[in-house]
Amino acid sequence: MQKIKKVALLTSGGDAPGMNAAIRAVVLAAHHYKIEIIGFKHGYNGLINQDFFILDHKQVHGLINQGGTLLKSARCKEFHHQDGLKQAANTLIKEKIDALIVIGGDGSFNGLLKLQQHWSGQVIGIPGTIDNDIDGTDHTIGFTTAVNTAIEAIDKIRDTADAFERVFIVELMGRHSGQITFNVGVACAAEQVLSFENFFVNTEKDRSARLNEIAEHIKKAQTTTQSSYIIVIAENLWRGGAHQLAIDLKQYTQTDCTACILGYIQRGGSPVAEDRILATKMGVAAIKALNDNKTGLMIAEQNNTITTVSLSTAIQHQKQVSQNLIDAQKNILAMSAQSSV
Ligand code: ADP
Ligand code: F6P
Ligand code: MG
């Protein structure tokens, strides 16, 4: 059986803490198997623009603790069109690449599957996104760090909110996924967690109904205790975002609400231990899978065991927020916040 010699590696979509740790693991594992790694820059743009360099094991020294990505990341519009996909495939053929590893999210894996229509090399995905929205893996690389970063920030907001007995609305990342919002909201004991899974605003009528419900909850809290009140809300859930929600709520509560968008700090920073370790296990597994002639797979971790799932299965459905967490928030935590005050 012909063994692979040359593997392309790129990072694509929203960068995530731990992508560098995954790059390091891929490069070191490849070095072990005497495979050459070619790093393509700026996501799929690097394939289209032939922007690449040889990634030597010496270059990954001191990388494991760094946020961002050595290979840079980007979105790539051309990849949505046949011409872009063909150009990328031509680069891989011209450079005699045997396999491609993509570290990215669901969008990046969609792109990888499309590329397979034009290129017959082996492909492997490593799930790297703070959104944790990929089915088939318990966690994506970067999620745990992003959650911890947001928790740390909101704990600080709680201090000033307590001091002023203020209502805060904190907007969290994930424009299609409530994983960060739900997990962070529960971990920060937010008085309200507003996310795609538990908060529906499809019509104007829904908007007023939801405003009434939140206003009632705030008012009850205010009449029985002098305390802070934190609402966490997912990006893209409320038209106009956290700032607009603060304005809208003021009309219903006559209380000033302070909006705070946590934003890109959630994507940066040194990865926490869990992400460094997950990224390392996944990077090594990706090279092992290629060395075993496997293709079309995403490396995953389920119940603390590294495994693989087909890329097409991984992107079929968005990973859902734990129903236990949703139920606990809805039936127990939110209610006790209301009745204990
Ligand atoms: P993520 O990988 O983090 O989910 P995106 O959804 O932005 O991030 O996807 C990253 C890139 O993957 C896009 O900019 C594009 O180049 C490529 N991509 C996403 N969806 C598709 C698709 N349906 N077809 C081809 N390429 C895609
Ligand atoms: O997919 C990662 C992510 O950070 C999402 O949480 C967020 O909605 C989006 O990317 C922001 O993307 P951009 O960098 O294009 O503003
Ligand atoms: Mg995505």
Side-chain angles (χ1 to χ4, degrees), residues 130 132 143-175 177-201 207 209-267 269 321-322 325-341:
I130 62 166
N132 200 32
F143 171 68
T144 308
T145 304
V147 165
N148 283 348
T149 301
I151 288 173
E152 212 182 307
I154 296 179
D155 284 350
K156 287 175 180 156
I157 290 173
R158 177 70 81 178
D159 290 344
T160 177
D162 271 343
F164 272 76
E165 291 158 1
R166 245 182 188 163
V167 179
F168 264 88
I169 302 171
V170 185
E171 185 176 298
L172 293 166
M173 266 192 164
R175 62 184 154 206
S177 164
Q179 293 278 358
I180 295 179
T181 300
F182 235 101
N183 284 279
V184 170
V186 168
C188 290
E191 278 68 21
Q192 291 267 355
V193 177
L194 310 183
S195 187
F196 305 100
E197 299 75 13
N198 66 345
F199 191 74
F200 306 99
V201 269
R207 257 173 106 84
R210 297 296 90 82
L211 282 170
N212 257 320
E213 288 159 14
I214 304 169
E216 279 309 305
H217 202 268
I218 294 175
K219 275 181 205 158
K220 264 195 194 147
Q222 284 174 331
T223 49
T224 42
T225 189
Q226 299 278 291
S227 182
S228 60
Y229 190 100
I230 292 184
I231 300 171
V232 294
I233 183 165
E235 169 191 5
N236 200 28
L237 183 65
W238 190 259
R239 194 175 63 227
H243 288 293
Q244 188 57 49
L245 180 59
I247 295 166
D248 296 340
L249 268 179
K250 167 96 190 204
Q251 290 177 350
Y252 280 71
T253 58
Q254 283 76 51
T255 305
D256 284 328
C257 301
T258 307
C260 175
I261 297 176
L262 279 198
Y264 292 92
I265 66 159
Q266 293 160 92
R267 282 226 306 242
V321 173
S322 149
L325 205 55
I326 297 172
D327 291 345
Q329 174 62 24
K330 184 173 170 216
N331 302 322
I332 298 169
L333 305 172
M335 289 301 146
S336 45
Q338 210 168 35
S339 55
S340 68
V341 289

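In this chain, residues are counted from 1 in sequence order. Everything numeric here is computed off the predicted structure, so don't read it as measured data. Both backbone and side-chain heavy atoms feed into the values below; hydrogens, waters and symmetry mates do not.
Summarising the geometry, atom OG1 belonging to T223 is positioned 12.0 Å from atom CD1 belonging to I218; distances are rounded to the nearest 0.5 Å. Rounding to the nearest 0.5 angstrom, the gap separating the CD atom in E165 from the OG atom in S227 is 7.5 Å. Residue S228 holds its OG atom at 11.0 Å from CD1 of I157, rounded to the nearest 0.5 Å. With rounding to the nearest 0.5 angstrom, the CD atom of E197 is 13.0 Å from the NZ atom of K330. Here the CZ atom belonging to F199 is positioned 6.0 Å from the CD1 atom belonging to I233, to the nearest 0.5 angstrom. Here the straight-line distance linking atom CG of L245 with atom CZ of R207 works out to 8.5 Å at 0.5 Å rounding.
Counting only residues at least two apart or on different chains, the salt bridge (charged side-chain N to carboxylate O under 4.0 Å, His left out) pairs with a member in residues 249-258 are K250-D256.
Side chains of N183 and N132 form no contact here, defined as non-hydrogen atoms less than 4.5 Å apart. Counting heavy atoms from C-beta outward, V321 and N198 have side chains that stay 4.5 Å or more apart. Side-chain contact check for I214 versus T253: every heavy-atom pair is 4.5 Å or farther apart. Side-chain atoms of V170 and V184, non-hydrogen and from C-beta on, never get closer than 4.5 Å to each other. Within the 4.5 Å cutoff, no side-chain heavy atoms of I130 are placed close to those of V147. In this structure, the side chains of T181 and V193 come closer than 4.5 Å at one or more pairs of heavy atoms. Between W238 and D248 there is a side-chain heavy-atom pair separated by less than 4.5 Å. In this structure, H243 and I261 have side chains that are in contact, with non-hydrogen atoms separated by less than 4.5 Å.
The backbone N or O of G263 sits less than 3.5 Å from a side-chain atom of Q266, completing a donor-acceptor pair. Side-chain atoms of R267 do not come within 3.5 Å of backbone N or O of A146 as any donor-acceptor pair. Side-chain N or O atoms of D162 include none that pairs as donor or acceptor with a backbone N or O of D159 at under 3.5 Å.
Ionic pairing of K156 and E152 is present here: one or more N-O contacts between side-chain nitrogen and carboxylate oxygen are shorter than 4.0 angstrom. Of the charged side-chain nitrogens involved, none lies within less than 4.0 Å of a carboxylate oxygen, so that E191 and R166 do not count as a salt-bridged pair.
When all heavy atoms of F196 and G174 are compared, the closest pair comes out as CE1-O, 3.5 Å. The two residues Q254 and Q251 come nearest to each other via the heavy atoms NE2-O, 3.0 Å. Annotation for I265 and T149: closest pair O-CG2, 3.5 Å, computed over non-hydrogen atoms. Across all non-hydrogen atoms, the minimal contact from V232 to G185 is CG2-CA, 3.6 Å. Annotation for I169 and C257: closest pair CD1-CB, 3.9 Å, computed over non-hydrogen atoms. Nearest heavy atom pair, residue M173 against residue E235, reads CA-OE1, 3.2 Å.
Residues satisfying the ring-ring contact (aromatic ring centres under 6.0 Å, His included) test with F182, not counting sequence neighbours, are none.
Inspection of the Q179 and S177 side chains reveals no N or O donor paired with an N or O acceptor under 3.5 Å. A donor atom on one side chain and an acceptor atom on the other are not found under 3.5 Å apart for Y252 and E216.
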Original post:
Step by step, would you call Y229 with Q222 a side-chain contact (heavy atoms from CB on, under 4.5 Å)?
Top reply: CA-CA 9 Å; Y229 190 100; Q222 284 174 331; over 6 Å; no
